[in-house]
Amino acid sequence: MANIGIVGGTFDPIHNGHILLGEQAYREYQLDEIWYMPSGQPPHKRDHHVTAGSIRLELTRLAIKGRAGFCCSDFEIRRSGTTYTAQTLSLLHQQYPGNVFYFIIGADSLYEMEHWYTPELVMKQAVLLVAGREYGKSQRSVDQQILYLKGKYECDIRRLHCPEMMVSSAMLRKMAAQGESIEAYVPHSVYEYIVTHHLYQETEDEGSNSKTTKKSEGKIKSVQI
């Protein structure tokens with residue numbers, strides 16, 4: 001039996017904040033491994049352009065290369081159609097019986113959890129490790145939200161004491177499209193790949209699959225996964 005941390009997300013692109021989450025979970029909860037798992041077709045981004053899975057997978061591989069205990073998983077990329085976390089966890093338990101999975105999320109996801117596909121199955125099948133601070137739109141603190149969900153769903157949710165980084169993948173895509181360097185925010189190998197392959201040279205219109213070359217300013221947000 002192994003204790004496996006899962007850092008999931010679109011990773012478009014993966015950045016230093018994602019790496020920081022995995023490193024903190026690995027140390028703080030003495031996990032055996034951290035699996036970075038790029039999503040296939042995430043349900044909340046159906047109306048947005050998402051970079052090809054093969055490219056996001058390669059960026060993830062480059063980002064974690066040489067990091068002890070870190071693994072890159074193509075588990076979701078290989079699945080067809082929309083990928084839901086509850087289904088992924090169920091399939092992981094079938095394929096790796098006996099493992100305990102720790103699903104690493106940001107505080108924003110904690111507040112949105114009840115709007116996910118079958119959230120009760122997500123919370124039943126994994127220990128949730130929550131990083132980040134209060135979500136501005138909620139009247140509950142992170143600790144209050146944890147207590148609320150634990151009481152309602154009888155699940156295991158714990159705080160992940162991880163320093164916040166003011167970075168998001170959306171911010172990096174917009175910076176790259178405007179010709180700004182993102183080298184400080186991503187592992188060097190990821191930066192080189194993005195530059196060499198001319199990724200994120202266009203920004204996508206919010207709420208559609210179309211792209212535009214116009215410049216737009218993005219609000220800097222705390223780390224998102």
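Any value given below was found using the heavy atoms of this structure, including those in side chains, with hydrogens, waters and symmetry copies removed.
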Quiz item: Is the Y36 ring parallel, tilted or perpendicular to the F70 ring (thresholds 30°, 60°)?
Solution: tilted
Quiz prompt | Ion pair K150/D156, N-O distance below 4.0 Å | solution =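 Here K150 does not pair with D156 in a salt bridge, since their nearest N and O are not under 4.0 Å apart.
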Quiz item: Is the shortest side-chain N to carboxylate O distance from E114 to K152 below 4.0 Å?
Solution: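 Salt bridge present between E114 and K152.
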Nearest 0.5 Å, what's the [atom1]-[atom2] distance between [X] and [Y]?
{"X": "M165", "Y": "N16", "atom1": "CE", "atom2": "CG", "value": "5.0 Å"}
{"X": "C72", "Y": "R61", "atom1": "SG", "atom2": "CZ", "value": "5.5 Å"}
{"X": "T60", "Y": "M37", "atom1": "OG1", "atom2": "CE", "value": "11.0 Å"}
{"X": "I105", "Y": "M113", "atom1": "CD1", "atom2": "CE", "value": "4.0 Å"}
{"X": "R140", "Y": "L110", "atom1": "CZ", "atom2": "CG", "value": "10.0 Å"}
{"X": "T88", "Y": "F75", "atom1": "OG1", "atom2": "CZ", "value": "6.5 Å"}

Will you find, in the side chains of [X] and [Y], an N or O donor that is under 3.5 Å from an N or O acceptor?
{"X": "S169", "Y": "D12", "result": "no"}
{"X": "Q30", "Y": "R27", "result": "no"}
{"X": "H161", "Y": "E28", "result": "yes"}

Quiz item: Any chance the rings of W35 and Y96 have centres within less than 6.0 Å?
Solution: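 For W35 and Y96, the ring centres are under 6.0 Å apart.
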Quick one, [X] and [Y] - any side-chain contact, counting heavy atoms below 4.5 Å?
{"X": "L59", "Y": "F11", "value": "no"}
{"X": "I19", "Y": "L21", "value": "no"}
{"X": "M175", "Y": "Y185", "value": "yes"}
{"X": "K174", "Y": "E180", "value": "no"}

Exercise. Please confirm whether the backbone N or O of A2 pairs with a side-chain atom of N99, one donor and one acceptor, at under 3.5 Å?
Key: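 Side chain of N99 to backbone of A2, a donor-acceptor pair under 3.5 Å: yes, one is there.
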Quiz item: For L129 and R159, what are the C-alpha separation, side-chain angles and deciding distance, and is it a side-chain contact (heavy atoms from CB on, under 4.5 Å)?
Solution: CA-CA 6 Å; L129 300 184; R159 290 297 297 266; over 6 Å; no
Self-check item: Cluster overlap W116 with I6, hydrophobic side-chain contacts below 4.5 Å
Solution: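 Yes; I6 is reachable from W116 via cluster members.
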